[in-house]
Amino acid sequence: MRREIPMAITTLTGLIMIIVFFVPRWEDWSDIFLKWFTVIAGFALVLGAGSLLLVNLNKISRKASGWGYNVVLIIGLLATAGSGIIQGIGPGTMFDFIFVYFFTPLSATMFSLLAFYIASAAFRAFKAKSLEAGLLLVTAFIVMLGRVPIGEMMWNALPFAQSIPLTEIIEKWIMGCFNTAGQRAIMLGASIGIISVSLKILLGIERSYLGGGD
Amino acid sequence: MKIRKSVFLFAVAILTVLFCLCAQKAYAGKNWSDQAFSEKEGIAVVGNEDKYEAVYGISIPEKKVIWKVGMPKSHSVHIEIDGDMVILVALEDAGFSKNVKVVDLKTGKVKWEEKIPSAARKTEVFKDQDTIYFGVDQDYRDVMKAKVYAFNKTSGAKKWTPYEAMGNIKGMVPTQNGDFILILEKTSQAKGNKPAEKSIELVKIDKNTGKDVWVVPVKGTFASIPTEHESVVYFVTQNIETVKGSDGKETVNIVRSFQAVSSENGQILSTFVFADKDKPYGDPVYAAGNPVVVTEQGKAICFESKPSDPNKPVKWEVDLGAAPQSNILVQDQLAYIPTMKLDGENKVYSVVCLDTASGQQKWTNKVDGVPELPLIVAKDTVILATRITQGEGKGQTFQFKLQGINPLDGKEKWNGIADGKLENPLFLKDNMLFVMLAAKKGSKTVHIISMYDITTGAAKWAYETESVINTKLFVDEDSADFGTKDGFVVSVGIADGKELYKYNAKSELDTTIAASDKNLGFATQEGEYIIINDKGVVEKEMNLKPWFDMKKISILLGCLVLSAALSWYIYHARKGKEMFVRKIAGLQAIDEAVGRSTEMGKPVLYITGLADVDDIQTLASLSILGHIAQKTAEYDTPLVVPCCRSVVMSTAQEVVKESYLKAGRPDTYRSENIHYLTDDQFGYVAGVDGIMVREKPAANFYMGKFYAESLILAETGHSTGAIQIAGTAEAAQLPFFVAACDYTLIGEELFAASAYLSKDAQQIGSLKGQDMAKAIILAVVAAGCLLLTFEMHWVKLLFATQ
Amino acid sequence: MIPTSIYNLSVDFTGNQLFAAAVEAGKKFSTGEIIGVWIATALTIFIFSFLYEDNAMYKFAEHLFVGVSAGYVMATTYNNVIKPNLFGKIQSGIVSLMHGQFVWKDLSFILAGLMGLMLLMKLVPNMGWLSRWPLSFMVGIASGLGIVFTMEALVLKQIDATLVPLIVKTAANSIDIGDTIKNWLIVIGVCSGLIYFYFSKEHKGLVFGTMSRIGIFVLMMAFGAAFGYTVMARVSLLIGRMLFFRDQWWPVVKATFHF
Amino acid sequence: MTVFDKIKNLDRRWIFLFILISVIIPLLIPLNLKLNTSKPVEDIYSYMNSLPEGSVILMSFDYSPSTEIELNPAAIAIVRHAFQKKLKVVALALWPMGASMSQNVLTPLAKEYNKEYGKDYVNLGYKAGGSVLLISMNNGFATEFPTDINGTAVTDLPLMNQVKDYKSCALVVSLSAGVPGMKEYVQIVATRFGSKVAAACTAVSAPEMYTFLNSGQLLGLMGGLKGAAEYEKMIDYNGDARKGMDAQSVVHLVIVLFILFSNVVYFVDEYRKKTAE
């Protein structure tokens, strides 16, 4: 029974979500269920915080190498969560200070690392080893160059450049045609995958999320 | 077996056809259109516009829905009651036509309906006693074409072949003999630096034949809406002229002119070009048959209606010496204009009265405060509402002043002052003037309705509420009713301003209030039509939301077709039918990757993506995690799963524990290896990067939903020398995984992976079902494209979901 | 379309130029701002140092980031979800109950709270099985929405977009060769891409062999194009980070050392 | 290990260093690389140029700080051009954060061009509603925006007595990073109400707007930093977009050179392997 009840809950909830989607009189319930979802996920954060504290306190108590960093992590966690829950999250609070001067620069810098990684990935991966890799290389090459003035200058130096503008090649043919077709094929395939997995979950065929231990 | 397959294919085909047929009828489109109300019959007609196109006829005395008419997909439905008929026009159809239905007010029976081809632009509707005329724009790529249709009101018969002309319809102006003038705007193509040029054409159309009587072209574009007055059409045009100066610099001037065209013969009676910078304020008004125009610069100009010299049409011109503040009011040959004049830094406001026969200033009366609304005349009194502002910024306070002015000498008869700022236009009924103000009271804003007696100017009462009033005031014999933003309907006694009742409608009203026999009817935003009685007690609540949303029929049928295809193969696989599955490169590498980790004595890192369990990609990933955990358990290799979501962590722990149990190694399961980091995208990436560079896993798996962080993970992973296998259905992130990982599961392959790995017959069956689904899509695309090629555009509507 | 998360996954960088504009307007820095900007500068450099190699500075920044961001998520979840959606709803439900009105939509959140508590039962030995109930509920929502939303937002929309006339006519009623070729390429591209995803057929033969091969070509070109197209946005991020030094850090340096 | 092997296994930190240098240098020293202007951007510029003094442009700030780097330069360029041409600017925002974005752009520029608030420009601030708001704004801006961003009644602002609805605006510019944004403006303000609409958007979303350009519903388009840089060039101003564009150019070039380099190394290596066999 410890497995049947959860499966029944899944199937029932899934069916309700589908039905309320089509029935305007009940459409509020879709929204309410999604709010319940966020509430439950909110409770789950207790599990997350527990896990984070456990792993780090463990390292600290074992005096594992670099345990000082784990102390930093715990201080960061407690200071941010504590100030935000007790004092609130409005402007001028300590939470706001942490957000602006700690969280934001850290996020933005982490994000900007992508500029470096995209270069190194391109250097390594874009080798014309096969026809497929060649196509990948050539399209990326054209788009990358064509999007900056320097690329246009180079293109305009070519003899046939006047008859075919570079932007048209990129926007209309590469982006509007091949990229669109490729993305669409992926999305259509993926959506069939999503529907298939969803259906299998509703039918109880896919139940790995339940784990074991009947 | 063979027969069954064909039966199945047949069923799919039937469903597909059904899908097409139903979808073609699919309705799309949230708000109620305002209700049209027939006082005679007590029937309210309301239409639910955006979501479920239906128009309801509701009898308030009978307290029930008496009829319902479906309307096709549109942005809004225009509803008009005309005698015992209701004219419904579905405006701005996203498709290629406008739909008109004329129904019987009492029975809802559709008398006739018509489809008018039109581009997604405004429709002009114009009616006379027995005919309805529709003016529509029809778009043919770069060419704008206008067409006018005429239908017999009762039978729907076309009166004449539609009138056709080039240009966009800007209006239809009725003339005295019942014919009308069509106003067209034409646009020339833009060329290089030269912007597109616009010109105007007036066309008089004979109502009986549908032929043009005359056509008059005019230069420029409209600066005012044309109006007809005593057989002359008046309007203001503006025209941009580029003048090249002596220094070669181009300057742009706007030339505005006042035009008069005879509606009888199309003759241009007069053209008056305004002086530089003079810009007409508001529309012309008519005093004793002559149009009067005031300019923003403070000139009042009166024109002859039929001047002897078309170039000198001015009857008189006076300089008010002040700028107009609102439209002119004309009453008994006198024109009243609120004005503003700068006296140094100060603004001086006054009301000016002109004698329209001579242009002579009769009187000027200075007023304190800023005139807020156009003047009104009632009971031989000109009423002026002004706003008096004190202080600046946040400490600003407002007062509202109402003045009754003697129209003959400009003397103030009476005045009334109240705190607050005007919120809604004034509402005049008999001797009562209703004023709605918002005033600050401490930290709160209160909304006040007050009633003034305009014969004495005395404020009779004031009703105060904290709720925002958001409907028009409905005034009947003994009460004034209104709806509030927090969902109440309030009724206030007209004699004393006492609250009669407050009804909780639980939702904002979406229409005005209609009344019949002391019962009030209104629609709420929750989709209910409510009728309450004069005690504020509900007589009837009608839920007008349908049970099935017709616009989603294509989604329902689509789901049914795909689910049927999937279930069919799952069912057959369960029965033991062998099915072939091709190799998927990324999945075959899993063994190799786990094996290498074991050899090197390094852990395996598994990332389930950034989404929570409400994303199917995460669930697919958790399923794959189960299989990999079984391998790591067998090989006794540590498996590290840092999670971005608490629920996912908790689930992953269960999944991995189960796999270790299945592999017979529950003792080696370490729950602390499957731990939570943070929900934040980049915080998570920083943490995972740290794990990668310090623990140096020999195999990294990225399966699930990823955003921009995909490349940071994959690049860091690569720099540590790990074998990397990724899988995601995020089309935007696939390029980075393909570039930086050794193997990538693309899109659908991610969802197929768990089926492939489980080797469970039903799961494999679902893969075959997915292929069937793809085959259906391919067939639909092929057929659809062919139909479109032969210009059968309706095929697009089958897939419209909104 | 599936609501993934209550958190916005894109980062809002509180405006560099906002700061610059304030400085422009002759604003004086408070001690808090000066300290703050110095901290931000240090953390920025710490993270960048990872590009060279893993080091103590990065380790410090990384652990701090994980801690702060987890704390951030907890505080915002408490303030934006638990407070209004759980406590707020239940409270308003109880208030109307006291007025004799049974508002089921508000009171139902008690059930959500109960499910949240059941999830925590995982921490209690022998009660762990209870945590599967709310989990099943969540997965049920996901799979229900997974079917209908995917159908609506992806399948039908994408099919609709792929339906194009195979012969495009110009206004003058002659054939528009460019657009016609483009439409053919899109239709063939989508179809061959879909055939590439066939699982139950070996990628051999005329249809499946050739088409899936074309399919993979189209996918590769799509990947290449998307990659090249994204480079610009990513470089902008780095430029944005560099402008931080110009627009925020440099004014603060001046303010700190009074020059 | 030979030199060739070293190059073959080039330490990626060298790439990082090159990228860093190629971003920083153009930011510090403008290279003023030649920039060709494109038609969609020229169209906005020449239309703005053709407007008589005192015309009003309505600018909608539909973006948040995360796309600030791409869209602020475009906003600045347009406002600059408008102020130079003595055009008046009315700003609003369909995104909550857009209101502060517009303040950042307008306040310093108004100071620079000596423009008076309320007379030369007005900031109406943010209002929720997206496309619904755009439709109801056609009935008059004042009903939807009774007060401006500072809470002053719009009736007290002289400019707003002149600007009543879309018709009184010569041009509507949407600075758009997503939904709601330019698409809504095109569909509602341009198509339904027939006003002139131009847009500036992030580079990523530019391609899908080309259909609207072709159909003429959109007057002109500035895509990403590049579009803004072109506009800066036309008004002869060297702003963040042009500097950023220099940096973009150099970085793209560096990446492309690295790719070429790695391919040369790859083919030489293949050749060596073959000859060695």
Side-chain angles (χ1 to χ4, degrees), chain A residues 2 6 9-10 13-14 17-18 21 35-40 42-45 69 72-73 76-77 80-81 84-85 89 100-109 111-112 114-115 118 132 135-136 139-140 143-144 147 174 177-179 181-182 184-185 187-189 191 194-195 198 201-202 209, chain C residues 6 11 13 36 39-40 43-44 47 59 63-65 67-68 70-72 74-75 77-79 81-82 85-86 112 115-116 129 132 134 136-137 139-140 143-144 146-148 150 154-155 158 182 185-186 189-190 193-194 197 218-222 224-225 227-228 231-232 234-235 237-238 241:
Chain A
R2 288 189 178 184
I9 294 178
T10 307
T13 327
M17 287 310 280
I18 293 175
F21 179 79
K35 281 204 177 117
W36 286 14
F37 187 103
T38 57
V39 170
I40 301 171
F43 273 89
L45 275 178
Y69 299 114
V72 173
L73 190 152
L77 172 71
T80 319
I85 291 171
I89 57 177
V100 174
Y101 296 113
F102 285 80
F103 183 82
T104 308
L106 283 167
S107 283
T109 314
F111 201 0
S112 71
L114 274 170
I118 209 164
E132 284 96 333
L135 283 172
L136 185 79
T139 37
V143 173
M144 220 184 290
R147 300 253 289 157
I174 297 183
C177 189
F178 293 106
N179 188 42
R184 227 174 251 165
M187 278 194 252
L188 276 171
S191 40
I194 292 175
I195 293 175
S198 304
I201 290 173
L202 290 186
Y209 64 94
Chain C
I6 45 166
V11 187
F13 312 120
I39 292 173
L43 292 176
T44 302
I47 295 283
K59 278 187 210 168
H63 283 88
L64 185 70
F65 194 8
V68 165
Y72 170 76
M74 284 164 202
T77 306
Y78 175 77
N79 283 292
V81 176
I82 302 292
N85 278 356
L86 185 63
M115 281 204 275
W129 54 275
R132 284 190 203 145
S136 304
F137 170 77
V139 172
S143 47
I147 291 179
V148 286
T150 316
L154 288 169
V155 179
Q158 296 299 336
K182 187 184 163 190
L185 285 175
I186 290 183
V190 173
L194 271 179
F197 289 116
V218 171
L219 291 185
M220 282 300 162
M221 286 176 79
F227 193 104
V231 171
M232 191 153 193
R234 302 301 182 236
V235 175
L237 291 171
L238 183 58
R241 215 51 219 147

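Chain letters run A, B, ... following the sequence lines, proteins first and then strands; every chain starts at 1. Hydrogens, waters and symmetry mates play no part in the numbers below; they use all other heavy atoms, side chains included. Predicted model only: the values in this text are computed from it and were never measured.
- Closest approach of C:Met74 to A:Ala81, counting heavy atoms only: CB-CB, 4.3 Å.
- The two residues A:Thr80 and C:Tyr72 have their closest heavy-atom pair at CG2-N, 3.6 Å.
- A pairwise comparison of heavy atoms in C:Ala70 and A:Leu77 identifies CB-CD1, 3.7 Å as the closest pair.
- Of all the heavy atoms in A:Gly84 and C:Ala75, the pair that sits closest is CA-CB, 3.7 Å.
- Within the 4.5 angstrom heavy-atom criterion, only side-chain atoms of A:Ile201, from C-beta onward, approach chain C.
- Annotation: the span from C:Phe137 atom CZ to A:Thr10 atom OG1 amounts to 10.5 Å, rounded to 0.5 Å.
- Using a 4.5 Å cut-off between heavy atoms, A:Tyr209 contacts chain C through both its backbone and its side chain.
- Considering every non-hydrogen atom in both A:Ala185 and C:Gly193, the closest pair reads CB-CA, 3.7 Å.
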Given A:Phe111 and C:Arg234, is the side chain to side chain contact (heavy atoms under 4.5 Å, CB included) satisfied, shown in steps? CA-CA 8 Å; A:Phe111 201 0; C:Arg234 302 301 182 236; 4.1 Å; yes
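- Applying the side chain to side chain donor-acceptor pair (under 3.5 Å) rule to A:Thr13 yields no partners; only residues at least two apart in sequence or on another chain are considered.
- Note on C:Pro134, C:Gly189, C:Gly71: by heavy-atom pairs under 4.5 Å with chain A, the leading option is C:Gly71.
- Side-chain contact between A:Arg147 and C:Val231: absent, with no pair of heavy atoms (C-beta onward) separated by less than 4.5 Å.
- Annotation: the span from C:Met220 atom CE to A:Phe178 atom CZ amounts to 15.0 Å, rounded to 0.5 Å.
- Note: C:Gln158 CD to A:Ser191 OG = 7.5 Å, rounded to the nearest 0.5 Å.
- Counting only heavy atoms from C-beta outward, the side chains of A:Leu73 and C:Leu64 never approach each other to under 4.5 Å.
- Taking C:Met232, C:Met115, C:Met221 one by one and counting their heavy-atom pairs under 4.5 Å with chain A, the maximum is reached by C:Met221.
- Remark: C:Ser136 engages no residue in a side chain to side chain donor-acceptor pair (under 3.5 Å) (not counting sequence neighbours).
- If you take OG1 on C:Thr77 and CG on A:Leu45, they are separated by 4.5 Å, rounding to the nearest 0.5 Å.
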For side chain to side chain contact (heavy atoms under 4.5 Å, CB included), just list the numbers for C:Thr44 and A:Leu106, CA-CA rounded to whole Å, side-chain angles, deciding distance to a tenth of an Å, and then say yes or no. CA-CA 6 Å; C:Thr44 302; A:Leu106 283 167; over 6 Å; no
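- Going from atom SG of A:Cys177 over to atom CG of C:Leu185 covers 4.0 Å, rounded to the nearest 0.5 Å.
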Evaluate C:Leu154 against A:Leu188 for side chain to side chain contact (heavy atoms under 4.5 Å, CB included), listing each step before the verdict. CA-CA 7 Å; C:Leu154 288 169; A:Leu188 276 171; over 6 Å; no
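- Ranked by heavy-atom pairs under 4.5 Å with chain A, the first of C:Leu86, C:Leu238, C:Val235, C:Val68 is C:Val68.
- Contact count versus chain C (heavy atoms, under 4.5 Å) is highest, among A:Gly182, A:Ala44, A:Ser112, for A:Ser112.
- Once rounded to the nearest 0.5 Å, the distance linking OG1 of C:Thr150 with CD1 of A:Ile194 reads 4.5 Å.
- Your options are C:Val148, C:Val218, C:Leu219, and the one with the most heavy-atom pairs under 4.5 Å with chain A is C:Val148.
- Counting only heavy atoms from C-beta outward, the side chains of C:Val155 and A:Ile195 approach each other to under 4.5 Å.
- Between chain A and the residues C:Tyr78, C:Phe65, C:Phe197, the largest count of heavy-atom pairs under 4.5 Å involves C:Phe65.
- A:Phe102 has its side chain within reach of C:Ile39: a pair of non-hydrogen atoms, C-beta onward, lies under 4.5 Å apart.
- Heavy atoms only, all atoms of each residue included: A:Ile174 and C:Ala225 are closest at CG2-CB, 3.5 Å.
- Side-chain contact between C:Leu43 and A:Thr109 is absent, with no heavy atoms from C-beta onward closer than 4.5 Å.
- With a threshold of 4.5 angstrom between heavy atoms, C:Ile82 approaches chain A through side-chain atoms but not through N, CA, C or O.
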When you look at C:Phe227 and A:Leu136, which way does the side chain to side chain contact (heavy atoms under 4.5 Å, CB included) test go after all the steps? CA-CA 9 Å; C:Phe227 193 104; A:Leu136 185 79; over 6 Å; no
